[in-house]
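Below: one structure, written as structure tokens.
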Amino acid sequence: MTAGSPMFRKLLLAAFLLILAIVGSLDLLLSRYMAERERESTRQRLLSGARILAGEIGADRNLDLTAWARGAAARSGYRITIIDPAGAVLADSDGDPASMENHAGRPEMAAALKGREGSAIRRSATLGRDLLYLAVPLNLNGASGHALRLAVPLEQVDQAISEVRRRIWQVSLLAGLLALLA
């Protein structure tokens with residue numbers, strides 16, 4: 001069978017379609033796996049940071065909450081929000097608390113205000129982008145029932161996934177070229 005024969009072209013086309021289907025499936029499966037893995041890793045980093053910051057804030061009774069939230073955000077790289085037991089925002093590193101709606105009904109906040117950690121992914125009304133939120137219970141000035149929430153943009157997770165996808169397609173293209181040469 002020669003390279004110019006119709007049978008060879010049909011076999012070559014079938015092989016390329018099979019490779020494309022395999023690479024596409026691999027891309028889909030690995031992208032989903034990486035997205036879940038990156039989100040969980042980010043959630044664990046947020047939880048560690050929240051526990052440290054909750055201990056830090058709970059120890060100081062004469063604290064300017066807004067200044068502390070902005071300083072903590074600068075140190076950690078996360079958006080920081082402090083919420084009272086009723087769900088009102090007391091301080092936020094990236095916005096004006098007076099202009100923010102009550103946070104008690106948000107899933108991560110509802111869990112934290114009940115004494116558990118909570119997390120959620122959604123679009124921030126204040127920032128206009130998707131964030132991963134994690135909230136933990138907070139004792140503030142000796143009073144329990146408050147919550148500390150940390151958030152990070154999902155662009156970081158999306159960049160990691162894009163990098164994996166790019167590498168999958170690069171390796172696949174290289175393998176396809178090597179197969180064509182062979």
Side-chain angles (χ1 to χ4, degrees), residues 27-166:
D27 176 52
L28 181 66
L29 292 173
L30 281 178
S31 295
R32 286 184 179 177
Y33 170 76
M34 284 299 298
E36 253 334 285
R37 188 171 158 228
E38 282 296 317
R39 286 183 183 125
E40 183 56 27
S41 174
T42 302
R43 197 185 79 68
Q44 289 299 322
R45 284 194 311 271
L46 283 172
L47 180 58
S48 295
R51 288 178 176 161
I52 291 167
L53 292 172
E56 179 183 309
I57 192 174
D60 192 344
R61 292 189 179 273
N62 299 318
L63 193 63
D64 176 355
L65 294 177
T66 300
W68 180 86
R70 289 189 177 137
R75 290 190 313 268
S76 67
Y78 303 131
R79 180 179 178 193
I80 309 287
T81 309
I82 302 166
I83 294 96
D84 75 9
V89 177
L90 298 175
D92 186 88
S93 60
D94 292 359
D96 176 21
S99 67
M100 295 179 179
E101 61 189 36
N102 189 293
H103 284 39
R106 297 179 179 179
E108 76 280 3
M109 295 310 308
L113 292 173
K114 291 178 183 171
R116 301 182 318 268
E117 71 181 57
S119 65
I121 296 174
R122 73 171 171 285
R123 191 155 193 82
S124 166
T126 305
L127 302 179
R129 57 185 177 172
D130 291 338
L131 298 175
L132 171 60
Y133 295 95
L134 182 119
V136 296
L138 176 67
N139 290 327
L140 188 61
N141 297 327
S144 63
H146 293 78
L148 172 66
R149 184 181 72 184
L150 278 62
V152 66
L154 283 182
E155 284 102 17
Q156 296 171 359
V157 173
D158 293 339
Q159 286 172 352
I161 294 166
S162 293
E163 179 64 23
V164 169
R165 293 181 93 178
R166 187 178 60 78

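A distance of 7.5 Å separates OG1 of T81 from CG of D94, quoted to the nearest 0.5 Å. To the nearest 0.5 Å, the span separating CG on L134 from CZ on R51 amounts to 8.5 Å. Summarising the geometry, atom CD belonging to E56 is positioned 4.5 Å from atom CZ belonging to R75; distances are rounded to the nearest 0.5 Å. Taking CD1 of I52 as the start and CG of L47 as the end, the distance is 10.0 Å to the nearest 0.5 Å. With values rounded to the nearest 0.5 angstrom, R39 atom CZ is found 13.5 Å from L46 atom CG.
When every heavy atom of E108 is checked against every heavy atom of R149, the shortest pair comes out as OE2-NH1, 3.2 Å. Listed here is the closest heavy atom pair of S93 and A69: CB-O, 3.5 Å. Minimum heavy-atom separation, Y78 to A73: O-CB, 3.1 Å. Summarising the geometry of S119 relative to R43, their closest heavy-atom pair is OG-CD, 3.4 Å, with the distance given to 0.1 Å. Scanning all heavy atoms of the two residues, the minimum distance from D92 to P97 falls at N-CG, 4.0 Å. Nearest heavy-atom pair across W68 and L53 is CZ2-O, 3.7 Å.
Partners of L90 under the side-chain contact (heavy atoms from CB on, under 4.5 Å) rule, at least two apart in sequence or in another chain, are L65, I82, D84, L140, H146.
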(message) Please evaluate residues R70 and T66 with respect to the criterion side chain to side chain donor-acceptor pair (under 3.5 Å), reporting the C-alpha separation (whole Å), side-chain torsions for both, the decisive distance (0.1 Å), and the verdict.
(response) CA-CA 6 Å; R70 289 189 177 137; T66 300; 5.8 Å; no
(message) Between R37 and E40, does the salt bridge (Lys or Arg N to Asp or Glu O under 4.0 Å) criterion hold? Intermediate values first, please.
(response) CA-CA 5 Å; R37 188 171 158 228; E40 183 56 27; over 6 Å; no
(request) Take L150 and I80 through the side-chain contact (heavy atoms from CB on, under 4.5 Å) test and state the conclusion after the steps. (result) CA-CA 5 Å; L150 278 62; I80 309 287; 3.7 Å; yes
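Remark: the R45 side chain and the T42 side chain contain an N/O donor-acceptor pair separated by less than 3.5 Å. Between the side chains of E155 and Q159, not a single donor N or O lies within less than 3.5 Å of an accepting N or O.
Between the side chain of D130 and the backbone N or O of I121 there is no donor-acceptor pair closer than 3.5 Å.
The number of heavy-atom neighbours closer than 6.0 Å to CD of Q44, taken from other residues, nucleotides and ligands shown, is above 12.
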